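Take a look at the structure set out below.
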Amino acid sequence: MLQRTSGAYSATQSCWSNADTSFTDADWWRQAVIYQIYPRSFKDNNGDGIGDLKGITSKAGYLQALGVDAVWLSPFYPSALKDGGYDVADYRNVDPKIGTLEDFDEMVASLKDVGVRVMVDIVPNHCSDDHEWFQAAVKAGKGSPERERFIFRDGLGENKDQPPTDWECTFGGPAWSPSGANDGQWYYHMFDSSQPDWNWNHPDVREDFLKTLRFWGDRGVSGFRIDVAHALVKDMSEPLPNWADLSKLTYHKLQNGNAGLIHPLMDRDEVHDVYKSWRRVFNEYNPPLMAVAEAWVAPDRQSRYASAEGLGQTFSFDILLCNFNAGEYRKTIEHGLKASEESKSSTTWVLSNHDVIRHATRFGFPDVRNENLPIAVHDYNKLVKAGKAVDVETGLKRAKAATLLILGLPGSTYIYQGEELGLQEVLEIPDAERQDPIFIRTKGGEFGRDGCRVPLPWSAGGAKNFGFGDGQKAHLPQPEWFDVYAVSEEDKDSDSTLNLYRKALKSRRILQGEEKLEWVPGAPEGVLHFKRPNGWEVVLNTTKDAVDLPAGEVVISSTPVTEGKLPAETTVWLRNN
Ligand code: NOJ
Ligand code: CA
């Protein structure tokens, strides 16, 4: 019988039983599969067109059958939804549009019953302009202690009607907005104008977030995903650099040692003091809470965010930025493994999330790469606008192969709702129905991220809203072609993407052991071949031609393997023991 620390695989039952519902394993996250739920687009239980917590509870069985270890919920807090909930008005409550705290407790309990842990999203860089502390700051006026909790500065010019710097915000347009009190003051926002940045040099801010962490820890969550974890602490001392210099320092180059410029807003060393204080809170729990940083920083800076004295794990988005290319994958995998050795954390693999074009669609476009852009979505927007068609078949084939590659690697994998259905990005949302501030702030220049946030199709065959909710229309329009990807259809098709994911997640529990891999020498050009300590092998053929299949029993393959050949653009797991 093959075993792992929690649960047990039974060959006779041929199903995974999530036997461990005690949640005592402190290392559960190291090689976990974590399923990201974008709550308002997962399942609408009360028919108002918006996904809700009760909807998630109703799908506990689905998540169990999929075989995930945990779910991470994108924000479900009270919010005006100017940025899909990442504009938080109250960190310790549930948006009434999504449910109540009682619904949250019920959801945590139901998921625990089926062995699925819950992680929540913490958004510490900024809040919503509806947050009571921001409202108080505007009201209290210039020079007040309330304003100190945010980043207010006087405007430039005689009438102070020009922003304090020429900085741009991440979503396009200026990074400063007038205070609203007609006093010549402006507040800084890294994202939308509805998202004022906190002043992390203020003790009230630090204290309040510790309170928030304990609030959710006490409600039974197992961990946190930390939004824009590399921002928070800023150096706003004068003179502030201009935008032309700052904007050169993105992703790979936030620290420009040669030019002596350290980014005043991002990836500053001081941010790790904050996370040390968070770690003390995490360790108040038994087992300790875990956290994963969303930190778009250069590969050689990533391991700092994964330190055991800090958050403990960080996303690496490097594999998400790779083309479907063996060389790029190998380099990224080697770097990821080295970084996790340094930090003593585990590697993380991500191909899709709520901020990027779904990978089944990304891989259906011709290869593109722009190293200066952290979120590949910009590139694809250009391709769509240039009328480039998506090759859906190729996209899905490559997506399945890339997914089996990352699931075969040591470390944890984060999957995004709908990717288990092979869901494509919805590119055809009418302008009037788009919600993303990126679309709004760029005046349609960029589509933004709504296309990967369209509510999931649960049922085909004419079900209202594809089974997402049986009342009002889904809050983002679902296209007709969703029928093909509906859970009801894929469930009964043994060759569906959904059943591939289920099988892979189940088999992976045997594959995972020591967090190591060994490259098998002699793989042809364009082919990756590695062995895990338990003897299983993973082979990815990125080329357009079939290659010889190495020896071993096929455990799973992303497209059918025949006559000793590994087909084009396919991953296979082999076992030789
Ligand atoms: C990263 C989140 O993933 C994204 O959705 C959000 O818009 C920004 N942070 C701002 O919170
Ligand atoms: Ca609802």
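Whatever order the structure lists ligands and atoms in, that order sets their numbers, starting from 1. Numbering of residues begins at 1 and proceeds along the displayed sequence. Just so it is clear, the structure is predicted and the values come from calculations on it, not from any experiment.
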- Query: Can you say whether the rings of Phe150 and Trp198 are parallel (under 30°), tilted (30 to 60°) or perpendicular (over 60°)?
  - Reply: parallel
- Note on the structure: the protein heavy atom lying closest to atom 8 (C) of ligand 1 turns out to be Phe191 CE2, 3.9 Å
- Item | Nearest-contact summary for atom 1 (C) of ligand 1 - protein heavy atom, Å | Asp227 OD1, 2.9 Å
- Under 6.0 Å between the ring centres of Trp216 and Phe76? yes
- Task: Note the single closest protein heavy atom to atom 7 (O) of ligand 1, along with its residue, its atom name and the distance in Å.
- Result: Asp83 OD2, 2.7 Å
- Message: Can you name the atoms of ligand 1, numbered from 1 with element, that are less than 4.0 Å from a heavy atom of Glu294?
- Response: 1 (C), 3 (O)
- Item | Metal proximity, Asn45 vs the Ca ion (ligand 2), N/O/S cut-off 3.0 Å | no
- Item | Numbered atoms of ligand 1 (with element) below 4.0 Å of His126, judged on heavy atoms | 10 (C), 11 (O)
- Task: State whether Glu419 and Arg358 are salt-bridged, where the test is any N-O pair (Lys NZ or Arg NE/NH1/NH2 against Asp/Glu carboxylate O) under 4.0 Å.
- Result: no
- Query: Of the protein's non-hydrogen atoms, which lies at the shortest distance from atom 5 (O) of ligand 1, and what is that distance?
  - Reply: Asp355 OD1, 2.7 Å
- Task: Identify which one of Thr100, Asp105, Ile37, Leu73 satisfies the side-chain contact (heavy atoms from CB on, under 4.5 Å) criterion when paired with Leu53.
- Result: Leu73
- Any non-hydrogen atom of Gln36 lying under 4.0 Å from ligand 1? no
- Message: Quick check: of its N, O or S atoms, which one does Asp48 have closest to the Ca ion (ligand 2)?
- Response: OD1
- Query: Salt-bridged, Asp52 to Lys54, with N to O below 4.0 Å?
  - Reply: no
- Proximity to ligand 1 by part of Met190, non-hydrogen separation under 4.0 Å: neither
- Run the numbers on Ile319 and Ile333 for side chain to side chain contact (heavy atoms under 4.5 Å, CB included), then give the verdict. CA-CA 8 Å; Ile319 211 143; Ile333 292 166; 4.2 Å; yes
- Query: Going by the atom numbers of ligand 1, which of them fall below 4.0 Å from some non-hydrogen atom of Arg453?
  - Reply: 5 (O)
- Message: Under a 4.0 Å threshold between the charged nitrogen and the carboxylate oxygen, would Asp273 count as salt-bridged to Arg268?
- Response: no
- Item | Ionic contact status for Asp269 with Arg301, cut-off 4.0 Å | yes
- Task: Identify whether the distance between the nearest side-chain nitrogen and carboxylate oxygen of Lys464 and Asp470 falls below 4.0 Å.
- Result: no
- Query: Counting backbone and side-chain atoms alike, does Gly471 have an N/O/S atom under 3.0 Å from the Ca ion (ligand 2)?
  - Reply: no
- Message: I'd like to know if Asp83 and Arg449 make a salt bridge, using a cut-off of under 4.0 Å between side-chain N and carboxylate O.
- Response: yes
- Backbone, side chain, both or neither: what part of Phe315 comes under 4.0 angstrom of ligand 1, heavy atoms only? neither
- Message: I'd like to check which ligand 1 atoms, numbered from 1 as shown, lie under 4.0 Å from a non-hydrogen atom of Arg449.
- Response: 4 (C), 5 (O), 6 (C), 7 (O)
- Task: Give the numbers and elements of all ligand 1 atoms closer than 4.0 Å to a heavy atom of Val228.
- Result: 9 (N)
- Name of the Asp44 N, O or S atom nearest the Ca ion (ligand 2)? OD1
- Message: Closer than 4.0 angstrom, basic N to acidic O: yes or no for Arg225 and Asp227?
- Response: yes
- Query: Looking from the Ca ion (ligand 2), what is the angle between OD2 on Asp52 and OD1 on Asn46, to the nearest 10°?
  - Reply: 90°
